[in-house]
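A short write-up of the structure that comes next.
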Amino acid sequence: MFTKLLQLIVLSPINNYTLYIIELISYLLYYANNRGQMVSSNTDLNLEQIAKACGLFSDIDFETVILNIEKLAVDYCKSDLISIYNYMLIYAQEPEVIVHLIKCTDRYRDPSSLEYLVDILLLKNTKNADEEVKEKYNNVRVMCAKAIANQKNSSIVSSLLYCLNNKNENYRVRLACADALGKLGDRFAVEPLIDVVQDEDEKSIYLRESAVSALGLLGDERALDPLVGILEAKQGIMDKFSFLKERAIEALIKVGFCDNERVFRALKNSLSDESTQVRINAIEALMDSEHPKAYDTIKDVLENDLDFEVKKNAMIALYNMSDRRILDEVINSKAYSDALKEEAVSIIEEYEDCDDDFGDEE
């Protein structure tokens with residue numbers, strides 16, 4: 001069946017839809033392969049000949065090369081395909097083909113592919129890697145960093161850090177490496193990520209955001225002070241980029257801070273931030289904290305904030321921290337808008353009534 005479909009594609013014009021179909025077939029082949037329905041392993045693989053047959057060393061268009069690579073899944077088993085993909089990663093030069101090969105290796109996530117992925121990330125297979133060449137492979141290397149993270153192997157942390165700390169590197173590659181470090185969960189990456197977060201000379205605010213998010217994923221308490229420092233900043237770049245503060249609060253939630261007084265003060269001050277989302281994030285963080293003044297602090301937001309979404313999130317937080325009495329208070333008080341009262345009623349109808357019904361059944 002797969003062979004006939006591939007033959008039909010060969011006769012069709014190459015476009016985005018065709019490439020999508022190729023991708024779909026490749027996933028079907030992958031699952032069939034994993035169920036042991038492919039041919040047995042061939043220990044005498046001629047990798048160079050297979051690569052030539054796919055057009056890897058010729059001038060044919062990259063779509064045809066990708067199609068030929070996908071055809072391989074019809075004739076080769078999982079272990080053979082991994083060997084073939086690894087070999088092709090060494091010699092492929094066309095960015096689109098390399099991206100496709102990275103996707104192929106990522107389906108199996110075999111440890112043997114890791115060294116080849118790292119070589120691509122570090123541009124070891126590329127001669128004279130000047131700025132023009134590096135620009136050409138940016139998307140490839142971003143995809144490569146993601147695939148490396150999926151391997152969950154901390155042995156390559158140093159390679160990711162090398163790219164992250166290189167300020168002459170493309171910011172998208174550095175972003176991908178920061179994300180990868182967070183997903184890998186290796187504590188060795190904490191200090192370098194903190195350095196990025198605290199570097200006020202860093203040109204890319206997006207990189208600092210990614211480093212903050214990665215610290216949240218790592219969940220190391222060493223990140224508390226630099227994360228709080230972002231919220232405490234009163235001047236300069238911090239006031240202009242609320243997204244960085246949002247990410248910092250999200251990271252604080254993941255790291256956990258219990259009743260840390262400095263974190264509490266920073267979050268309390270964030271409830272006066274100009275950004276609605278920063279205020280909402282601060283409410284969520286306080287809700288999850290164990291600080292004794294968290295409830296009263298959020299209650300003050302419910303009573304005094306002028307934004308409906310902020311007030312609604314404060315009401316929901318208070319409800320989660322206590323019981324329906326806060327909802328009854330909102331419904332019965334003249335101090336709250338009809339819209340907020342409706343939100344309170346809907347919560348009671350959705351959650352409280354269900355609990356009552358369940359109690360009646362018992």
Side-chain angles (χ1 to χ4, degrees), residues 164 171 174-175 178-179 181-182 187 189-307 309-318 320-321:
L164 174 69
Y171 82 94
R174 297 177 72 197
L175 276 175
D179 291 341
L181 288 166
R187 299 301 174 89
V190 172
E191 292 295 343
L193 287 168
I194 288 175
D195 290 340
V196 174
V197 168
Q198 294 179 324
D199 185 1
E200 295 187 8
D201 294 328
E202 174 56 57
K203 296 179 181 179
S204 173
I205 190 68
Y206 304 110
L207 178 62
R208 295 180 72 185
E209 288 177 24
S210 288
V212 164
S213 297
L215 287 172
L217 290 174
L218 289 169
D220 193 296
E221 291 186 355
R222 286 176 289 173
L224 283 178
D225 284 345
L227 292 174
V228 173
I230 292 173
L231 301 182
E232 291 175 339
K234 299 297 182 182
Q235 298 177 348
I237 193 171
M238 297 299 182
D239 291 333
K240 298 179 181 179
F241 295 92
S242 63
F243 287 147
L244 185 58
K245 294 180 181 179
E246 292 174 26
R247 300 293 87 77
I249 296 174
E250 291 168 0
L252 283 170
I253 295 173
K254 293 176 180 176
V255 173
F257 53 89
C258 298
D259 59 350
N260 185 296
E261 193 63 33
R262 184 187 174 196
V263 178
F264 172 75
R265 289 197 304 269
L267 290 171
K268 184 177 180 180
N269 291 334
S270 296
L271 294 172
S272 301
D273 196 273
E274 293 182 2
S275 166
T276 298
Q277 193 58 52
V278 168
R279 303 205 299 278
I280 290 174
N281 284 11
I283 290 170
E284 182 181 354
L286 288 169
M287 179 186 71
D288 291 337
S289 75
E290 299 177 6
H291 198 282
K293 296 181 181 179
Y295 186 92
D296 291 338
T297 302
I298 298 174
K299 181 69 180 299
D300 184 66
V301 174
L302 175 64
E303 294 172 349
N304 299 304
D305 200 284
L306 300 178
D307 186 275
E309 287 298 323
V310 175
K311 293 174 79 73
K312 182 179 77 172
N313 278 271
M315 180 181 69
I316 294 171
L318 294 171
N320 289 331
M321 295 170 74

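The first residue of the sequence shown is numbered 1, and numbering continues consecutively from there.
Between the CZ atom in Arg174 and the CG atom in Leu207 there is a gap of 4.5 Å [rounded to 0.5 Å]. To the nearest 0.5 Å, atom CG of residue Leu252 and atom CG of residue Asp288 are 11.5 Å apart. Note that the CG atom of Leu215 and the CG atom of Leu181 stand 10.0 Å from one another [nearest 0.5 Å]. One finds the NZ atom of Lys245 at 10.0 Å from the CD1 atom of Ile230 (value rounded to the nearest 0.5 Å). Here CD of Gln277 is found 9.0 Å from CD1 of Ile249. Values are rounded to the nearest 0.5 Å. The distance from the CZ atom of Arg265 to the CG atom of Asn260 is 8.5 Å, given to the nearest 0.5 Å.
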**Request:** For salt bridge (charged side-chain N to carboxylate O under 4.0 Å, His left out), just list the numbers for Asp305 and Arg279, CA-CA rounded to whole Å, side-chain angles, deciding distance to a tenth of an Å, and then say yes or no.
**Result:** CA-CA 10 Å; Asp305 200 284; Arg279 303 205 299 278; 2.9 Å; yes
**Request:** Go through the steps to decide whether Lys293 and Glu261 satisfy the test salt bridge (charged side-chain N to carboxylate O under 4.0 Å, His left out), and finish with yes or no.
**Result:** CA-CA 10 Å; Lys293 296 181 181 179; Glu261 193 63 33; 5.6 Å; no
**Request:** Evaluate side-chain contact (heavy atoms from CB on, under 4.5 Å) for Arg262 paired with Asp225, printing each intermediate quantity in order.
**Result:** CA-CA 9 Å; Arg262 184 187 174 196; Asp225 284 345; 2.9 Å; yes
**Message:** Let's go through Lys312 and Asp307 carefully: what are the C-alpha distance in whole Å and the side-chain angles of both, what is the deciding distance for salt bridge (charged side-chain N to carboxylate O under 4.0 Å, His left out) to 0.1 Å, and is it a yes or a no?
**Reply:** CA-CA 9 Å; Lys312 182 179 77 172; Asp307 186 275; over 6 Å; no
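Between Asp220 and Arg187, at least one side-chain N (NZ, or NE/NH1/NH2) sits under 4.0 Å from a carboxylate O, which counts as a salt bridge. Ion pairing between a basic and an acidic side chain is recognised when a charged N comes within 4.0 Å of a carboxylate O; Glu250 and Lys254 show no such pairing.
Closest approach of Ala178 and Ala211 over heavy atoms only: CB-N, 4.2 Å. In terms of heavy atoms, Glu232 sits closest to Ala266 at CG-CB, 4.3 Å. Of all the heavy atoms in Glu290 and Asp259, the pair that sits closest is O-CB, 4.0 Å. The two residues Asn304 and Asp300 make their nearest non-hydrogen contact at ND2-OD1, 2.7 Å. Scanning both residues, Leu218 and Gly182, for their nearest heavy atoms gives CD2-O, 4.2 Å. Shown here for Asn313 and Ile283, the closest heavy-atom pair between the two residues is O-CG2, 3.8 Å.
The closest side-chain heavy-atom distance from Lys311 to Val301 is not below 4.5 Å. Side chains of Ile298 and Met321 form a contact here, defined as non-hydrogen atoms less than 4.5 Å apart. With contacts defined as side-chain heavy-atom distances shorter than 4.5 Å, the pair Ser275/Glu246 qualifies. Looking at Leu231 and Asn269, their side chains never come closer than 4.5 Å, going by heavy atoms from C-beta outward. Taking 4.5 Å as the limit, some side-chain heavy atom of Leu267 sits within range of a side-chain heavy atom of Phe257.
Dense packing is recorded around CD of Gln198, with more than 12 heavy atoms of other residues, nucleotides or ligands lying under 6.0 Å away. Within a 6.0 Å radius of OH in Tyr295, other residues, nucleotides and ligands contribute more than 12 heavy atoms. Heavy-atom neighbours of Lys268 NZ from other residues, nucleotides or ligands within 6.0 Å: at or below the threshold of 12.
The main-chain N or O of Leu286 is found under 3.5 Å from a side-chain atom of Ser289 such that the two form a donor-acceptor pair. Using modelled atom types, one side-chain atom of Asn320 and one backbone atom of Ile316 make a donor-acceptor pair closer than 3.5 Å. Remark: the backbone N or O of Val197 is paired with a side-chain donor or acceptor of Arg208 at under 3.5 angstrom.
Ring-plane geometry between Phe264 and His291 is classed as parallel, the angle between the planes falling under 30 degrees on a 0 to 90 degree scale with a further cut at 60.
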